[in-house]
Structures are given as structure tokens and as C-alpha cells.
Amino acid sequence: VWIKTNSKATDVNVTQGIGGHIKGGLTGISANNQGSGSTILTTSGDVVGKSSYGIEAKNSANGQDINITQNDGTILGGTTGINVLNEGMGSTAINLASEVTGNSQNGIYVLNKEKAKDLTITQTSGSIEGNTTGIHAINQGTGSTTITQIAGDITGGTHGIGVYHARLSSTIENNAIDIIINQSAGNISGAQSGIYVLQEGIGSTSVTTQGNIKGISSQGILIDNNSQRSTGVTVNQIAGYIEGYSGLSATNYGTNSLLS
């Protein structure tokens, strides 16, 4: 499935029926919305991109939200399972209930550009796996980044989860706000770190774990709050284990630091 709209278009809406199968030699579903609306993709079966992305979604600078919902089936990409670029003025939301795999790069890769707002990824079951990172989330916009794991596994060759509110350049700050990672159950693991967070925005960093976190060669959880504009770090382990060369490492140049 390949869709590219012009600037006069509004919403792009793709819905896959239950038990369906979409397979492309390059990409399974590619939606490039150059219009002023939202991009909404819903899958209920297998989506395979043999040599590139399982799902690719792009919004132009005039666009709004990107919403991707996986109800069932497998999303598989030769490079990345789900690849999202939101240059629009809305938010990005990804809801997953089954398997997502990126064979050579990331399970999920999301980039919210400067005009965009919130970035939200929710896993209710299944597995997310990437050769480099399970979930690689970059927010350069003005909203929060929230990753919620209700059940399942997240695995990466480098990090299980990597969240980046990084400066845009040496002279341009990042204005994204909070980073929130909530794990209710399941496992998060990476060959280096289970969870890596870089916060150079203007908000706080909060990590809550109730499952297992493992970093094989580095930290279970590694947090770098590198901005004096940020408002501190909170780590709350309710259950499970955090394991690594060191279990938890956090650097905070912001305010109101609390590690528990």
C-alpha cells in the first residue's frame, strides 16, 4: 500500500481487515500525507516490508496527528518495523497489541519535529524488537513523550527503549517537556542499556517499573538530564528487577531530583 497526497488533501485513513495480509518488496504500508489533516493507520493482520519498513507514516509541516493502531498480526520491516516522521502541528500516538520487528535497525522509530506536540507509544501485549533499538523515540516538539508498557517484551541490540529530547544544535534548544516511562509488567532489555533517556528539554524525567529491566553490558536504566532547564528525575521501582553492569545510573543538571 503506497499513498502520497498533495497539499490540498486532508486526512489519510487506512484500515486493514481482520486476518488480512499486506506485503511489499520495499514497504508494507507507506503513507506520506502532504496535506493539512491527520494520518490514521489501523492494522488487524500481518504487514510486511521486505527490504525497508513494515509501516512508514509521514506528515508534512501543515499536517496534524499521526495515529497508528495495531489490533492483531505482525508488523515486520527489513530495516525498521514502524517508521514515523511527524513534521506537522499535532501529536503522534502508536498503540500496539502484537509483534513489531525491525530486522536490521529499530522495532519502532519516531521523530516529532519542532511543530509537533506529544509523542505516545503504548504496548498492551506482544513483543517489540529491533536490531539496534526496540523503541527509538525522538521528540523535538513542544509536548511530552510517554511510553507505556502494560505487558509484553521490548528488546534492542543497543537499548530496549531510547528516548531523546536532545538539543537541535549547539545553538538551538529543545522545547519538549516531560519524559514519562511507565512499565506495569513485562521485560525491557538491551545489549547495552535496558532504558536510555536523554533529557535536554524543559521538563522532568519519570520512570516507573513493575517488571524486569536488563542492560547486558551497561546500565539497566541510564538517564542523562543534561539541561539546567529540566526539572529533575524520578525513578520508582515497584516490582521486578533492574539489572546491568550497574542497575541504575542517573545524571541530573536540573532541579528537584528524586531517585527512589
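Just so you know, these numbers use all the heavy atoms, side chains as well, and skip hydrogens, waters and symmetry mates. We number each residue from 1, following the sequence as shown.
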Check [X] against [Y] and note the closest heavy-atom contact, atom names and distance.
X	Y	result
G160	I154	O-CG2, 3.2 Å
I179	V197	CD1-CG1, 3.6 Å
T145	A137	CG2-CB, 4.4 Å

Test your reading of the model: is there a side-chain donor-acceptor pair from [X] to the backbone of [Y], 3.5 Å cut-off?
X	Y	result
S98	G73	yes
N212	Y241	yes
S104	G78	yes
N174	A166	yes

Quick check on Y245: does its OH atom have over 12 non-hydrogen neighbours (other residues, nucleotides or ligands) under 6.0 Å away?
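Atom OH in Y245 is not packed in, count stays at 12 or less.
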
CD1 of I18: more than 12 outside heavy atoms within 6.0 angstrom?
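At most 12 heavy atoms, drawn from other residues, nucleotides or ligands, come within 6.0 Å of this atom.
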
Of T234, D224, D178, N225, which meets side chain to side chain donor-acceptor pair (under 3.5 Å) against T205?
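Option passing the side chain to side chain donor-acceptor pair (under 3.5 Å) with T205: N225.
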
Note: R229-E173 ion pair, threshold 4.0 Å (strictly below)
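Counted as a salt bridge, because a side-chain N and a carboxylate O are separated by less than 4.0 Å.
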
Within a strict 4.5 Å, meaning less than it, do heavy atoms of the [X] and [Y] side chains meet?
X	Y	answer
T5	N32	no
I68	I55	yes
I161	I181	yes
Y164	H136	yes
Q183	Q149	yes

Centroid-centroid distance, Y109 to Y53, less than 6.0 Å
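For Y109 and Y53, the ring centres are not under 6.0 Å apart.
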
Side chains of N236 and T208: is there a donor and an acceptor less than 3.5 Å apart?
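Their side chains do not contain a donor-acceptor pair, so the 3.5 Å distance test is not met.
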
